[in-house]
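Position 1 is the first residue of the sequence; numbering continues from there. Worth saying up front: this structure is predicted, and the values here are computed from it rather than measured.
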Amino acid sequence: MLKELHLRNLAIVDEAHLAFDSGLSALTGETGAGKSIIVEALGLLLGDRATAELVRTGAEEATVEGVFSLDSAGGALLRSLLGERGAPLPEGEDLFLKRIVSRGSKSRAYLNGSPVPAGLLHEIRRHLADIHGQHAQQELLSADYLLDLLDGFAGLHAEREAVARHLAQAEAQRRLLNTLQQEERDRTQREDLLRFQRQEIDAAAPRPGEDQEAEEERRVLAHAERLLGNVHETLDRLHGAPSAVLGEIQGVHRRIQEAAAVDARLAEYLPLLESAAAQIDTVVRALREYAAGLAADPQRLAFLEDRLDALGRLKKKYGPTLEAVLAHRKA
């Protein structure tokens, strides 16, 4: 039985509150007094389609609230249906429904304060009210409606509620089992992924700083011919050519040495010339050793490029540095 109905910003109604007692209640009035709005509000509570046109001009949303008292027969059927749908069950003898219609979004429905799909309100309407209008007799074609009547006639309300409760428990267990099975699949997939990543890193066997070392060596080998050309040209200018720097300094040293035999003051420059010649000679020996150890090696260069490419893929997948890659391997 409908006990209370509260409207706010619905159609032309600013706010209205109606309370109903047991027995017959009649709403009367002239055309345009708002009687149909009450029926419209009741339909919204029972799952009818909501549109933005129902919101009162100047308001952003309309609200309809209702309180229904459940009798023993209808209450049992309703509890059974709610149990089957996994919806919140009434704690007492009253059922609280609420519908909010907004201008800019979908409508919202609530049952005992909990949000529910509007379709659920339409499912439970036959347990709460009968709104008679055109084509109302078509409800007799509903299998669910006829089953409800049959269960009520046979006095199977308690049994139906028990079945619904056990069905809800079984559905909850099924969902739990599906969750556990999915978690097991996710764990197995995660293990396979980590195993593959570990094998990939172990196969490459990177060392900290290896990429920097390989890049430096690759850069030298890639320019080996130009480096050797520069070194040989430098050696010629320092020592090999007729006018080489080392020979010129040695010649200067001899001339200053001869002059110092006449003027002793020039002798103080001889150690500087000797030091310059010694330093250039050291550079010449070092450049000769460098040139002897440097040679174009296409195979080594190709190996380094492949190695750097492999290390680059590891860094791209597992970290910006090889140290980060190895840390991921240990994690």
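Separating the CG atom in Asp309 from the CG atom in Leu304 is a distance of 12.5 Å, to the nearest 0.5 Å. Rounding to the nearest 0.5 Å gives a distance of 10.0 Å between NZ of Lys3 and CG of Asp21. Remark: Leu180 CG to Leu176 CG distance equals 4.5 Å, nearest 0.5 Å. Here the CG atom belonging to Leu322 is positioned 10.0 Å from the CD1 atom belonging to Ile201, to the nearest 0.5 angstrom. Between the CG atom of Leu301 and the CD atom of Gln299 there is a distance of 11.0 Å, given to the nearest 0.5 Å. With rounding to the nearest 0.5 Å, the separation of CG in Leu120 from NE2 in His122 is 11.5 Å.
Here the shortest heavy-atom pairing between Thr51 and Val101 reads O-CG1, 3.4 Å. Residues Glu323 and Gly209 come closest through the heavy atom pair OE2-N, 3.6 Å. Nearest heavy atoms, Thr63 versus Lys98: CG2-CE, 3.8 Å. The two atoms that bring Leu228 and Ala291 nearest to each other are CD2-O, 3.8 Å, heavy atoms only. Here the shortest heavy-atom pairing between Ala204 and Leu314 reads CB-CD1, 3.4 Å. Looking at every heavy atom in both residues, Arg219 comes nearest to His223 through O-ND1, 2.8 Å.
Using modelled atom types, one side-chain atom of Asp297 and one backbone atom of Arg300 make a donor-acceptor pair closer than 3.5 Å. Between the side chain of Gln197 and the backbone N or O of Leu194 there is no donor-acceptor pair closer than 3.5 Å.
Between Leu311 and Asp211, some side-chain heavy-atom pair lies under the 4.5 Å cut-off. Between Arg103 and Glu61, the closest side-chain pair of non-hydrogen atoms is not below 4.5 Å. Side-chain contact check for Val252 versus Leu273: some heavy-atom pair is nearer than 4.5 Å. Side-chain contact check for Leu111 versus Phe96: every heavy-atom pair is 4.5 Å or farther apart. Counting heavy atoms from C-beta on, the side chains of Arg56 and Val13 never come closer than 4.5 Å. Between Arg187 and Glu191, some side-chain heavy-atom pair lies under the 4.5 Å cut-off. Contact of the Leu7 side chain with the Leu5 side chain is registered, since non-hydrogen atoms from C-beta on lie closer than 4.5 Å. Looking at heavy atoms from C-beta onward, Thr321 lies out of side-chain contact with Val325 at the 4.5 angstrom threshold.
The pair Glu65-Arg99 does not meet the salt-bridge criterion, since no charged nitrogen lies less than 4.0 angstrom from a carboxylate oxygen. With respect to Arg313 and Glu200, no salt bridge is recorded, no charged nitrogen being found less than 4.0 Å from a carboxylate O. The pair Asp202-Arg198 fails the salt-bridge criterion, with no side-chain N (NZ, NE, NH1 or NH2) lying under 4.0 Å from an Asp/Glu carboxylate O. Arg255 has no carboxylate O lying under 4.0 Å from a charged side-chain N of Glu258, or vice versa, which leaves the two without a salt bridge. A salt bridge links Arg218 to Glu215: one of the charged nitrogens lies within less than 4.0 Å of a carboxylate oxygen.
Tyr318 and Leu308 fall into different hydrophobic clusters, where Ile, Leu, Val, Met, Phe, Trp and Tyr residues are linked whenever their side-chain heavy atoms come under 4.5 Å apart, directly or through other members. Following chains of ILVMFWY side-chain contacts shorter than 4.5 Å, one cannot reach Leu121 starting from Ile100, and the two form parts of different hydrophobic clusters. By the rule that hydrophobic residues join a cluster once side-chain heavy atoms approach within less than 4.5 Å of another member, Val67 and Leu18 end up as members of separate clusters. With hydrophobic clusters built from ILVMFWY side chains whose heavy atoms lie under 4.5 angstrom apart, Leu227 does not share a cluster with Leu221. Put simply, Leu2 and Tyr110 are part of two different groups of oily side chains (I, L, V, M, F, W, Y) that touch within less than 4.5 Å, one to the next.
When the shell of 6.0 Å around NE2 of His253 is examined, it contains more than 12 heavy atoms from other residues, nucleotides or ligands. Taking a 6.0 Å sphere around CD of Glu225, one finds it holds 12 or fewer heavy atoms contributed by other residues, nucleotides or ligands. Within a 6.0 Å sphere centred on CD of Gln181, heavy atoms belonging to other residues, nucleotides or ligands number more than 12.
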Could you give me the CA-CA distance, side-chain angles and deciding distance for Phe68 and Asp94, then say whether side chain to side chain contact (heavy atoms under 4.5 Å, CB included) is met? CA-CA 6 Å; Phe68 292 84; Asp94 289 339; over 6 Å; no

For Val64 and His6, run side chain to side chain contact (heavy atoms under 4.5 Å, CB included): C-alpha distance rounded to whole Å, both residues' side-chain angles, the deciding distance at 0.1 Å, then the answer. CA-CA 6 Å; Val64 180; His6 191 100; over 6 Å; no

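Side-chain contact check for Ser275 and Gln279: at least one donor-acceptor pair (N or O, by modelled atom type) lies under 3.5 Å. Side-chain contact, Arg185 with Gln182: a donor N or O sits under 3.5 Å from an acceptor N or O.
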